[in-house]
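Atom set for the values below is all heavy atoms of this structure, side chains included, hydrogens, waters and symmetry mates excluded.
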Amino acid sequence: MNILKYLLYNSLLILIPNFVFAQQDSSARSEIIEGKVVNGTIIDKDTQEPLSGVSVFFTGTQTGTKTDNDGKFSLGKKGKHSALTISYVGYTPLKHDLNSGKSAEIIVLMENNNNQLQEVSISSGKKSKYRNKGNPAVELIQKVIDHKRTNRLQNSEYLQYDQYERIQFSLTEMSDKFLHKKTFDKYRFLLDTSSLVNNEKQTTLPMYMSEKIYERYFRKSPEKEIKILKAHKEVDFSAYIDSAGLDMYLNRLYENFDIYQNDIFFLKNEFLSPIADHSPAFYKYFITDTLTEKKLIEISFMPRNAGDRLFEGKLYVTMDGKYAVNSFDLGINKGINLNFIRSARVHQEFRSADDGKLYLYKSYTQSNFGINEKKGMSILGERTVNYSNYKSGVVMPEVFYRGADDQIYAGTHQKDIGFWAKKRGDTLSLSKSKIYANIDSLKKMPSFKRSMWITSTVVGGYGDLGPVQIGPIESIISSNRVEGLRLRIGGRTTPLFNKSIYLEGYAAYGFKDEQLKYYMSGMYSFNKTAPYKFPNNFVRASYQYDTDIPGKNFLIEKNQNPLASISRGPRNLWLYNRIAKLEYTRELENHFTYNFGIRNLVQRPAALLTFQTVANPDNPISKLSTTELTFMFRFAPHEKIFQGPVNRRIIKSKHPIFTLSGNYGMKGIMNNPYNYLNINTSIAKRFYLSQAGFTDVTLNGGTVLGRVPFPLLTILPANQTYLYEKESYNMMNFMEFVSDKYVGINMTHSFNGFLLNKVPLLQDLKLREYLSFKIIYGGLRNENNPATNPDTYKFPVHSSGRATTYALSNTPYIEAGIGIGNIFKVLRVTAIKRFTYLDHPGVGSIGLRFSFNPDL
């Protein structure tokens, strides 16, 4: 799942209309650089060494930078600024007055902070060396690490507490020119002038807010967590987006932040905690203050390598021998390999309870997203969580712990204003308290409705006409060898048409074969849920006539992407297929899904593909007709689904996904000449490896039992385009391999820039590295091999008579790739090497593939 798609289609979908369009000619913030530049060098007053990583800002603004390895900085002077604010961990912050000339070259001396312990050397200039050995700050951090188990909330045998959370998204950093446009006058009532962004007051435009109150219960052994939603209030954009899906994704973006975990999910990425078991190998630590009255020690920390996915900030540790975290304030370095994020910070406070333990009392997360990471309008995301009523050691009845992990009380959306004022734990500002009413007014405005419709159509691919949606847009035009230019139009009904009955279809025409293709389906939902929503319980009948490439499954996807029309080498093996299908699907709340159906499939060869037996090659077979019983079982424990108004997507996590599917051919039914069973299974899982990134692994295998011609065998999924496909073999030609038994593994590792971030000159490009490896081993029994059974279909051959289709032998098919991603924040280029079966005609050993994946 990539965040840009989600934010564009959901949270950004709310924020883009009218506002972005109105700002396009504002030239970022309407302020023009006046040619004034401040250049300078920051050095240690005692050692006279340059200091790298020093923060330099124009006083009272967010405009700033950090010094390079030589202690130098350069700041373009926008507007009238009279002073610089300079700060660095372990040094006394200072303010430096500026002259009014057009340029300035300054040298600033910084002094060691007198509050720090004398034993700690905090100079981190170019030539000074930081060491863990003998560093009291590292020794103190090690004490915190050693006491994590006893200080974590999960150390309690039984624990329960209440939780209030508020998520808000707003537009910010809007230029004066934009705010004073006449087109914006009608939206001025939405503005909030009281928001704090990076501790500075800014004007924001609130667009989304959600509030929830939970009861939470934890049992240590056997481990069980139960979350009960008591109350829920949110801005309602359900006419344009799936509010539940958006809420789920935002909570994934801002997951509960646990400083005591080794690895922390934050902004959809895994960060190493500053008190992780091995954190001293990645962080620098300094004791910067001792708060005697509060019995706390302030520890400042920063990454050893600015490009790694690490935090920087301050921890406050208790001096009572428990070495617990009392509070912390942290952010991310601007050099980190993340896209679209201008700033992010997390603040948490802990309080002592009756049992003497420190429990989390308040958590606040703020992040600032922008397409341009340095200037222009951006999106401010905030999550506030208050915790209260901790009770330790209270045991609930055993039947309670057998309940679902996520539960909802009745009437969660029906709480009055008085209830929320009492339960929030804090007070909403006047502007925030008006958000719900303001958004209700906004949704009634015709200009907003028009802009939302245009944006949702372009981003989502479907034009919503109320009871009917037209699309998808990406499939309107494509081309291939059989059809030539292909035009297609399609659509489907929505719940406004009928909450139980859903119709879908398309019509497509090829100007070369001059044939009309079509698809039509009717679905009845027993739980009145659209087919793209979860959970579903429906029966569906469908009929389809269209072209297909064996092993490509155009028919299953029903979409042909224009970019996929560009192929490497000829694609000469095609089918005209008719499929009639009746199926029943049921999705359970625990994410176990099953599907049963019956399918009649008629395959007709097209282009250079022919059906003929070895024994009788002069009498080609015009079609292959089969009738099958189909089944599918899928189990995805703890799966999170992002549901939009047009489709659904899986939110990737560490939990495995198990799939078993198959089809049973019944000989003699509807002229089916074969009796067979085709079974396929897979296990997919993502492994997170902290700073080293993550690995996606898929194990798959299958078998075909029975004697069948090659169209009914397993045709290995090949990719003959220049677009990279994760689950296909990207150096394999279409229909190059068939098999009746196989087992394979696909692995893709993303380093997230872990290596390239350490390479000088490359680290500023924020490139990301990928490795992939795919191997599949299989075989073909003699009864299904035309070389040993003359009564079965011949494998396809090229027009010259050379073979194009093969059976896997004792040698597995192997390919591996190395890729560079995040090029211009969207492009990934992968070089792929094929290691086996290089003697096959029309194949290459090395190729380049491309993919587009904008993400954080």
Side-chain angles (χ1 to χ4, degrees), residues 37-45 47 49-79 81-98 104-113 115-116 122-126 128 130 173 196-202 274 283-289 298-315 328-338 341-347 366-368 370 373-375 378 763-764:
V37 177
V38 180
N39 298 309
T41 304
I42 312 295
I43 62 177
D44 185 299
K45 182 177 180 180
T47 66
E49 297 290 344
L51 298 175
S52 62
V54 178
S55 297
V56 183
F57 286 83
F58 287 121
T59 301
T61 75
Q62 296 184 64
T63 303
T65 185
K66 289 182 180 290
T67 57
D68 61 18
N69 289 336
D70 296 319
K72 296 183 179 298
F73 71 90
S74 181
L75 269 177
K77 195 174 181 184
K78 298 180 180 180
H81 300 295
S82 59
L84 294 175
T85 297
I86 302 170
S87 61
Y88 192 46
V89 175
Y91 287 76
T92 302
L94 55 86
K95 181 178 178 181
H96 184 90
D97 293 331
L98 296 174
E105 184 76 37
I106 64 175
I107 296 177
V108 179
L109 303 179
M110 296 196 74
E111 293 186 280
N112 289 349
N113 190 325
N115 290 329
Q116 68 175 350
I122 63 171
S123 172
S124 58
K126 183 178 179 182
S128 58
Y130 171 89
E173 298 191 71
L196 289 177
V197 183
N198 294 327
N199 294 320
E200 291 192 8
K201 188 173 289 188
Q202 282 198 17
Y283 284 98
K284 295 179 181 179
Y285 300 95
F286 308 93
I287 295 178
T288 48
D289 203 355
E298 178 187 271
I299 301 178
S300 297
F301 57 91
M302 66 177 67
R304 289 176 177 265
N305 186 309
D308 287 344
R309 298 197 178 194
L310 301 168
F311 299 107
E312 59 183 13
K314 296 181 178 181
L315 290 168
F328 64 83
D329 204 326
L330 55 81
I332 58 175
N333 190 282
K334 288 187 176 181
I336 203 168
N337 195 331
L338 287 177
I341 297 178
R342 295 184 186 174
S343 64
R345 63 177 290 255
V346 180
H347 174 80
Q366 183 185 90
S367 55
N368 199 356
E373 295 175 17
K374 295 183 179 180
K375 60 183 180 180
S378 63
Q763 56 189 8
D764 292 338

Legend entry - Donor-acceptor under 3.5 Å (His347 side chain, Phe328 main chain): yes
Inset, instruction - Could you tell me the separation between the CG atom of Leu310 and the CG atom of Leu330, rounded to the nearest 0.5 Å? - result: 11.0 Å
Legend entry - Gap separating the CD atom of Gln366 from the OG atom of Ser343, nearest 0.5 angstrom: 6.0 Å
Legend entry - Nearest-0.5 Å distance, CD of residue Glu298 to CD1 of residue Ile287: 10.5 Å
Inset, instruction - Go through Ile299 and Thr288 one step at a time and tell me if the side-chain contact (heavy atoms from CB on, under 4.5 Å) criterion holds. - result: CA-CA 6 Å; Ile299 301 178; Thr288 48; over 6 Å; no
Legend entry - Criterion side chain to side chain contact (heavy atoms under 4.5 Å, CB included) against Val54, the qualifying member of Thr65, Ile43, Thr67: Thr67
Inset, instruction - Report the distance from atom CG of Leu338 to atom OG of Ser367, rounding to the nearest 0.5 Å. - result: 11.0 Å
Legend entry - Sidechain-backbone polar pair: Thr85 side chain, Lys95 backbone, donor-acceptor under 3.5 Å: no
Inset, instruction - State, with a plain yes or no, whether a side-chain heavy atom of Leu51 is found less than 4.5 Å away from one of Tyr88. - result: yes
Inset, instruction - Taking all heavy atoms of Leu84 and all of Thr59, pick out the closest pair and write down the distance. - result: C-OG1, 3.3 Å
Inset, instruction - For residues Ser55 and Lys66, report the shortest heavy-atom separation together with the two atoms involved. - result: OG-NZ, 2.9 Å
Legend entry - 4.5 Å side-chain heavy-atom contact, Phe301 and Phe286: no
Inset, instruction - Spell out, as yes or no, whether a donor-acceptor pair under 3.5 Å connects the side chain of Tyr285 to the backbone of Pro274. - result: yes
Legend entry - Side chain to side chain, Asn39 and Ile106, heavy atoms closer than 4.5 Å: no
Legend entry - Side-chain heavy atoms of Asp329 within contact of Arg345, under 4.5 Å: yes
Legend entry - Flag for Thr92-Glu111: side-chain donor and acceptor within less than 3.5 Å: no
Inset, instruction - Give a yes or no on whether the backbone of Arg304 and the side-chain of Tyr130 come within a donor-acceptor separation of less than 3.5 Å. - result: no
Legend entry - pair Val38-Phe73: side-chain heavy atoms closer than 4.5 Å: yes
Legend entry - Lys314 NZ: over 12 foreign heavy atoms closer than 6.0 Å: no
Inset, instruction - Report the distance from atom CG of Asp308 to atom CD1 of Ile336, rounding to the nearest 0.5 Å. - result: 8.0 Å
Inset, instruction - Provide the closest heavy-atom pair for Phe311 versus Ile332 in the form atom of the first, atom of the second, distance. - result: CD2-CG2, 4.1 Å
Inset, instruction - Nearest 0.5 Å please: distance from the CG atom of Asn305 over to the NZ atom of Lys284. - result: 10.0 Å
